[in-house]
Amino acid sequence: MPARTIAAAESWQGRWTGPVGFTLDDGLIRPGPVGSVADVTVEGTVFPGFRDAHVHLELVDAGALYTGGLDEVHDLGAGLDAAAAWPNPSGPAVAGLPRVRFAGQFLTAPHGYPSDRAWAPRGSVREVTSAGDAADAVREQADAGAAFVKLALNSVAGPVFDDVVLAAVVAAAHAVGLTAVAHVEGVGQCARAVAAGVDVIAHTPWAEMLDDALVEAAARSTVWISTLAIHSGPELAVAVDNLRRFHAAGGRVRYGTDLGNGDLPRGPNPSEVRALFAAGLGRDDIVSAMTEGDAVGRLAAGVDRVTVVPGAPPRSSDDVADWLTRARIVTVTDLEGVSR
């Protein structure tokens, strides 16, 4: 069967393209030329799959996230048995489910957060007892297929790693090619994470107003996952101000919501988007934060599904926030079912 041609009025491929064509061939959607008449017209804006970079899949319905327009999610704390059943992003898509990259278990100090939390699923916490134990703990996550490791540095809720163990966990992650992601909460914990070489801060810091020197250092060496909308009042104000300065200093921001933490929307969260606008990110910055990484490259090479938002991209913050909630996944099968 000859390749089918697809036309869309707009697409995001690291930038807005304007009217754009795609081809549908060999089970993949690829950017490509379209003649004067396309076989299929997509009524909306085509994106590489949207991603939420901070979720807890054991606490939510993964299928609902897919229905909400999320093509990929990053799970930041779960039991290894549960994680083994999730769709691998490097493998074929599983109908009705997002692709999943995961951290595996929370790595924490003995009796540290979240070992005493009722919401933490059984088997989701791995206490690291010493610097010598760090390599074993990290290897367990890597052997289970983890893409990153999650370190708990929450001095508000309990004990945290000392500097020696913290450095050992980060070094062990890097030695096996894994990204070190840290939950930082409590005065001084963000500074400790940055000094130890942590790669990603799992939540925009909200427990303290960071000084400018630390924000600038963090902007040079770390990525921050937003998760602003889980806060309110003074905590939200602190987080927004920290993120505003981090972004202004050139720091990379990833969109993430901490799905599983309360009753949050199962797709793009308009409150999160509005908070990102409040932190100084523009519309294009926010779209980049939702697709940053290898999603744009995957689309160029050919994908089996895309995220589509009906209509053209608006400009105002409220309109963008509401518009993104209309996201849906469109698959090759969906497009093949459209009559010529």
Side-chain angles (χ1 to χ4, degrees), residues 1-53 63 65-74 87-101 147 252 254-255 267-268 273 282-315 319-320 323-340:
M1 178 182 293
R4 305 189 78 187
T5 56
I6 306 165
E10 185 63 88
S11 175
W12 173 265
Q13 297 177 37
R15 60 179 179 81
W16 301 109
T17 66
V20 66
F22 296 88
T23 61
L24 176 57
D25 193 21
D26 293 331
L28 293 174
I29 305 164
R30 296 185 179 89
V34 174
S36 57
V37 179
D39 297 310
V40 180
T41 299
V42 174
E43 301 294 341
T45 301
V46 176
F47 293 89
F50 283 168
R51 177 201 57 213
D52 189 321
L65 309 190
Y66 176 91
T67 301
L70 296 176
D71 173 63
E72 180 176 312
V73 297
H74 293 179
N88 187 309
S90 62
V94 175
L97 293 174
R99 296 175 172 88
V100 185
R101 299 180 194 269
R252 289 169 53 204
R254 286 185 186 149
Y255 170 89
V273 173
R283 179 192 63 180
D284 296 3
D285 299 319
I286 293 168
V287 172
S288 291
M290 299 176 77
T291 58
E292 172 266 348
D294 60 359
V296 172
R298 287 204 309 266
L299 178 58
V303 293
D304 50 20
R305 61 195 192 191
V306 292
T307 296
V308 173
V309 182
R315 291 192 173 275
D319 288 344
V320 170
W323 179 67
L324 289 171
T325 66
R326 300 165 63 197
R328 68 183 191 278
I329 301 296
V330 173
T331 69
V332 166
T333 301
D334 296 329
L335 294 171
E336 287 176 338
V338 177
S339 299
R340 286 183 181 271

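When the salt bridge (Lys or Arg N to Asp or Glu O under 4.0 Å) test is applied to R15, no partner is found at least two apart in sequence or on another chain. For R252, the side-chain hydrogen bond (donor to acceptor under 3.5 Å, both in side chains) partners at least two apart in sequence or on another chain are E292. Contacts of E10 classified as side-chain hydrogen bond (donor to acceptor under 3.5 Å, both in side chains), with partners at least two apart in sequence or in another chain: none. When the side-chain hydrogen bond (donor to acceptor under 3.5 Å, both in side chains) test is applied to T331, the partners found at least two apart in sequence or on another chain are D334. For R30, there are no side-chain hydrogen bond (donor to acceptor under 3.5 Å, both in side chains) partners at least two apart in sequence or on another chain.
By the 4.5 Å heavy-atom criterion applied to side chains, I6 and D39 are not counted as neighbours. Within the 4.5 Å cutoff, the side chain of V287 has heavy atoms near those of the F47 side chain. No side-chain heavy atom of R254 sits under 4.5 Å from any side-chain heavy atom of M290. Residues L24 and V332 form a side-chain contact, since some pair of their non-hydrogen atoms from C-beta on lies under 4.5 Å apart. Between T41 and E43 the shortest side-chain heavy-atom distance falls below 4.5 Å. V42 is not listed as a side-chain neighbour of V330, based on a closest heavy-atom distance of 4.5 Å or more. Looking only at side-chain heavy atoms (C-beta outward), R283 and R315 come within less than 4.5 Å of each other. The shortest side-chain heavy-atom distance between R298 and P48 does not fall under the 4.5 Å cut-off.
Within the 3.5 Å criterion, the main-chain N or O of T23 finds no donor-acceptor partner in the side chain of T5. Judged by distance alone, with hydrogens and angles left aside, the side-chain atoms of R4 form a donor-acceptor pair with the main-chain N or O of E336 at under 3.5 Å. Listed for the T45 side chain is no donor-acceptor partner under 3.5 Å among the backbone atoms of S11.
Separating the CG atom in L70 from the CD1 atom in I329 is a distance of 7.0 Å, to the nearest 0.5 Å.
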Query - side chain to side chain contact (heavy atoms under 4.5 Å, CB included) assessment of W12 paired with S288 - result: CA-CA 9 Å; W12 173 265; S288 291; 3.2 Å; yes

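Across A327 and P268, no two heavy atoms sit closer than the pair CB-CG, 4.2 Å. Between W323 and P314, the shortest heavy-atom contact is CD2-CD, 3.5 Å. Across all non-hydrogen atoms, the minimal contact from P31 to Q13 is CG-OE1, 3.7 Å. Nearest approach of P98 to P87, heavy atoms of both residues: O-CG, 3.6 Å.
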For residues 301-311, which side-chain N or O atoms pair as donor and acceptor with protein atoms under 3.5 Å away, sequence neighbours left out?
from: D304; atom 1: OD1; to: R99; atom 2: NH2; distance (Å): 2.6
from: D304; atom 1: OD2; to: R99; atom 2: NH2; distance (Å): 3.2
from: R305; atom 1: NE; to: D71; atom 2: OD1; distance (Å): 2.5
from: R305; atom 1: NH1; to: L97; atom 2: O; distance (Å): 3.2
from: R305; atom 1: NH2; to: D71; atom 2: O; distance (Å): 3.3
from: R305; atom 1: NH2; to: D71; atom 2: OD1; distance (Å): 3.3
from: R305; atom 1: NH2; to: L97; atom 2: O; distance (Å): 2.9
from: T307; atom 1: OG1; to: F50; atom 2: N; distance (Å): 3.0
from: T307; atom 1: OG1; to: G69; atom 2: O; distance (Å): 3.3

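A donor-acceptor pair shorter than 3.5 Å can be found between the side chains of W16 and D284.
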